[in-house]
Amino acid sequence: MRKRGVIVSYKRWEREFFGQKLVIENGKMAKQADGAVVLRYADSVLLTTVNGNEQAVPGTDFLPLTVEYQEKFYAAGKIPGGFLKRESRPSDNAVLSARIIDRPIRPLFPDGMRNEIQVIVTVLSADPDNPPDIWGIMASSLALNISPIPFEGIVAGVQVGYIDGKYVVFPSADELERSELDIVVAGTEFAVAMVEGEAKEVSEEVMVGALEAAHEAIKSLVAFQKEIISEFQIEKWELEIPAAPEGFLESFETLVDRNELSEIMLTPGKKNKDKALKTYRDELIEQFIEKAKERWSEDEIEENMGFVKEFYHDIEKEVMRKRVIEDDVRMDGRKHNEIRPINIELDLLPRAHGSALFTRGETQSLGIVTLGATMDEQIVDTMFEEGSKSFMLHYNFPPFSTGEVKRLRGPGRREIGHGHLAERSLKNIVPNGESFPYTIRVVSEVLESNGSSSMATVCSGSLSLMAAGVPMEKHVAGVAMGMIQEPEKTVVLTDILGNEDHMGDMDFKVTGTRDGITAFQMDVKVSGVSSEIMTKALEQARLARLKILDLMYEAIPEPRKFVSDYAPIIRTINLPYEKIGEIIGPGGKVIKKLSSEYDSTIFIDDERSQAKIVGSNREKLDQLEKVIDAIISEVKPGQLFEGKISRAEAYGFFVEIAPGKTGLLHISKMGASGKDFLREHKVGDTIAVEVAGTDQMGKISLKLEGVEVKEDSKRDNKRPYHRNDRNDRNRGDRNRK
């Protein structure tokens, strides 16, 4: 095993997996890191490094692990957008990738380890058909295992799709477009540890089958890692896990009445329960300090009081789990499969385009929908994507939701992760821009939290979308599930509390419609979760989801027929491709004029050959729609227009009925009082006209709307008399002579 500053020999391993070549290298790059590997799969290349401090961080009660995922635009042959032209803060995609790597490796560090550890995954080359982020799990596992940092396991991750009834490991980008499932699964050779992904309303049976297929693939990657690790002589750090003096905790335990603690846990209300448990703990500590003075000094007691608090927490965990296993009674008195009371309110915010307050127990999410135009789409500029995004969901978790005092900052990794899960849950049910031309933003303000706030976000989001008039065919609901696993029994918990998440063995969230699953996220803290347990858990989640959906359909059974009066009005007009230039005009003259006259914004989509017109005045948009229709279509007799007089002559008016289209309203087509009409109007006036006909040259003849005139085909087909005609004719005669 090499120490820092010692040159290590270069090693390389190569194997084919899932139709592509996988190459692992060590000893070429980043040799001063505690552990470093370069992983290449197809054309994706990752450099993964790990470093740590051999001394534990004093005073910490958690593992100070940070995982960073660095997207480099050069990896995809791109230059970053923006003014600086360099990578700055991590994108949402980088944050989500870091979370996917962090979640399966964090539980594999030794219990009680308090050393600062940093894992950095840098993307050097990015293959869009073989995205590198999932391979960061295996690369991190290898780098940790060949480093001196204590790490107790080998983990890998795979992506799974479901295409034409078959599971596909690491599907290509084209295959994912056709896939009913897109999940990332991580695990060891013994069990699945993490799942994250979305689906198009697949059944629970399909989901279980995907997990089984993923685990088989993971086993092959773990076996390959074992071969690599066996070639290293690894000397791990000797961890010094602090411990209390002998007899110290045992002395405290004699004071704890587990039956009394069990009853205190049933105190109604999160804040009241937390206060009662803390009061009981503090009373025990006071008694213990007086008793401990007989054996230990005050300094020894103070130094080791942190162990007492941790031990008390372990006793709480033991009591909670035992009561669930033996009595089927949870911390709020529910049985294992019961859902907390649900309350739904709609339209709380008068100016929002849609709003819904979803309350489940002591978890509350206020969902707000804003409808925007094309200009409001989110610009996407990542290693793989350039374009825009018309549906987005943002999740906010203010400190007051848990009764805490914290500084308000931008969204953290947790907020980004929860918002992404809720967005994936809804995005395949929300209509696309073809059928609903709005940009849609959903915001979830978590106002109270005691577990399952991300699932409350899915519910409030679905309700507020229907309240906003977004034409969703179905509601989507979500529920968070937990598990207590003891040697004698395993119990799956429905709609878990925050404490049950913390003290349980599994946290998984399932969202979907009445017809199937739309998103799934799972983190397992123990090994040995069998397919039978997973099948049972998913079925229990399905039944809970159906109950929640019933309440949501009672609140609002279908989308509102119309969007809010405060939402922008958007019309979509299909254009003949050859007419797009006429709408825009030379130098954008026509489109600017139309936008100004009708107080609207016009977007031209060349790819779809469409125009989107956006405004707030329905009458003006109706008029604009007629004008655009007049520009792109051949005028027909009987069509009505609000035209503007562009030129006045003795014999009538020339009226612009659309940009670039002008017709003659002859005095004979103004009715009996045509002369009066001619005197009373001037250039710039808007008048209502009707198309009377067109001649062979395409010239348009108009008449006043509602006026009956005698048809005179000879007059219509002749060129209108002009005072200069005689002079022109005479000049022509003289020239011929």
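Predicted, not measured: the structure shown is a model, and the values here were computed from it.
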> Do E445 and N396 have a side chain donor and acceptor closer than 3.5 Å?
Replying inline: yes

> Is a side-chain donor-acceptor pair under 3.5 Å present for S390 with T439?
Replying inline: no

>> So does V369 get a backbone contact from the side chain of S464, meaning a donor-acceptor N/O pair under 3.5 Å?
In response: no

> Would you say the side chain of R441 lies within less than 4.5 Å of the side chain of H394, judging by non-hydrogen atoms?
Replying inline: yes

>> Between E539 and R542 (salt bridge meaning N to carboxylate O under 4.0 Å), is one present in this structure?
In response: yes

> Have S401 and S449 got a donor and an acceptor in their side chains that come within less than 3.5 Å?
Replying inline: no

>> Looking at every heavy atom in both S564 and A352, which two are closest together, and how far apart are they?
In response: OG-O, 4.3 Å

> Would S462 and H475 count as having a side-chain donor-acceptor pair, cut-off 3.5 Å?
Replying inline: yes

> Is the shortest distance from a Lys or Arg side-chain nitrogen in R330 or D495 to a carboxylate oxygen in the other one below 4.0 Å?
Replying inline: no

>> Assess, by modelled atom type and distance only, whether the side chains of Q485 and D505 contain a donor and an acceptor separated by less than 3.5 Å.
In response: no

>> Within the supplied structure, the quantity of interest is the number of heavy atoms (other residues, nucleotides, ligands) at a distance under 6.0 Å from K525 NZ; does it exceed 12?
In response: yes

> Looking at K270 and E362, does any basic side-chain N land under 4.0 Å from a carboxylate oxygen?
Replying inline: no

> Under 3.5 Å, side chain of Q639 to main-chain N/O of K636, donor-acceptor pair present?
Replying inline: yes

> Taking 4.0 angstrom as the limit, do R103 and D507 come out as a salt bridge?
Replying inline: no

> Using 4.0 Å as the upper bound for N to carboxylate O, is an ion pair formed by D622 and R571?
Replying inline: yes

> Are any of the side-chain nitrogens in D164 or K166 under 4.0 Å away from the carboxylate oxygens of its partner?
Replying inline: no

> Has E473 got more than 12 heavy atoms of other residues, nucleotides or ligands less than 6.0 Å from its CD?
Replying inline: no

> Would you call R360 and E448 a salt bridge, taking side-chain N to carboxylate O under 4.0 Å as the test?
Replying inline: no

>> Parallel, tilted or perpendicular: which one describes the rings of F18 and W135, with boundaries at 30° and 60°?
In response: tilted

> Any chance CG of D606 has more than 12 other-residue heavy atoms, nucleotides or ligands included, within less than 6.0 Å?
Replying inline: yes

>> Quick check: do V123 and Y69 have side-chain heavy atoms less than 4.5 Å from each other?
In response: yes

> Within the side chain of D182, is there an N or O that forms a donor-acceptor pair under 3.5 Å with the backbone of G197?
Replying inline: no

> Below 4.0 angstrom, N of the basic side chain to O of the carboxylate: do K474 and E558 qualify?
Replying inline: no

> E198 and T518: side-chain donor and acceptor closer than 3.5 Å?
Replying inline: no

> CD of E578: more than 12 outside heavy atoms within 6.0 angstrom?
Replying inline: yes

> Does E500 reach the main-chain N or O of L497 with its side chain, forming a donor-acceptor pair under 3.5 Å?
Replying inline: yes

> Taking E415 for the side chain and G412 for the main chain, is one N or O donor matched with an acceptor at less than 3.5 Å?
Replying inline: yes

> Quick one: does S452's side chain have a donor or acceptor within less than 3.5 Å of a partner on M455's backbone?
Replying inline: no

> Is it the case that more than 12 heavy atoms not belonging to K547 sit under 6.0 Å from its NZ atom?
Replying inline: no

>> Among H336, R334, Q540, exactly one meets side chain to side chain contact (heavy atoms under 4.5 Å, CB included) together with L493. Which residue is that?
In response: H336

>> So T494 and M481, do their side chains get closer than 4.5 Å, heavy atoms only?
In response: yes

>> Could you check whether any side-chain heavy atom of I342 comes within less than 4.5 Å of a side-chain heavy atom of I548, counting everything from C-beta outward?
In response: yes

> Does any non-hydrogen side-chain atom of V526 lie less than 4.5 Å from one of M506?
Replying inline: no

>> Under a 3.5 Å threshold, yes or no: a donor from one side chain and an acceptor from the other, between R414 and Y395?
In response: yes

> Using the ring of each side chain (for Trp, its six-membered ring), is Y167 parallel, tilted or perpendicular to Y162, with breaks at 30° and 60°?
Replying inline: tilted

> I100 pairs by side chain to side chain contact (heavy atoms under 4.5 Å, CB included) with which of V95, V184, V67?
Replying inline: V184

> Does the S425 side chain pair with the main chain of L421, one donor and one acceptor, at a distance under 3.5 Å?
Replying inline: yes

> Should S91 and E71 count as side-chain neighbours, where that means a heavy-atom distance under 4.5 Å?
Replying inline: yes

> So do T490 and M483 actually touch side chain to side chain, heavy atoms under 4.5 Å?
Replying inline: yes

>> For a 4.5 angstrom cut-off between non-hydrogen side-chain atoms, does F603 reach I613?
In response: no

>> For E204 and T535: C-alpha separation, side-chain torsions, deciding distance, then whether side chain to side chain donor-acceptor pair (under 3.5 Å) applies.
In response: CA-CA 7 Å; E204 283 69 19; T535 300; over 6 Å; no

> So, E582 and K579, do they make that salt bridge, N to O below 4.0 Å?
Replying inline: yes

> Are any side-chain N or O atoms of S609 and backbone N or O atoms of L575, one a donor and one an acceptor, separated by less than 3.5 Å?
Replying inline: yes

>> Between D629 and I631, does the side chain to side chain contact (heavy atoms under 4.5 Å, CB included) criterion hold? Intermediate values first, please.
In response: CA-CA 5 Å; D629 184 61; I631 294 174; over 6 Å; no

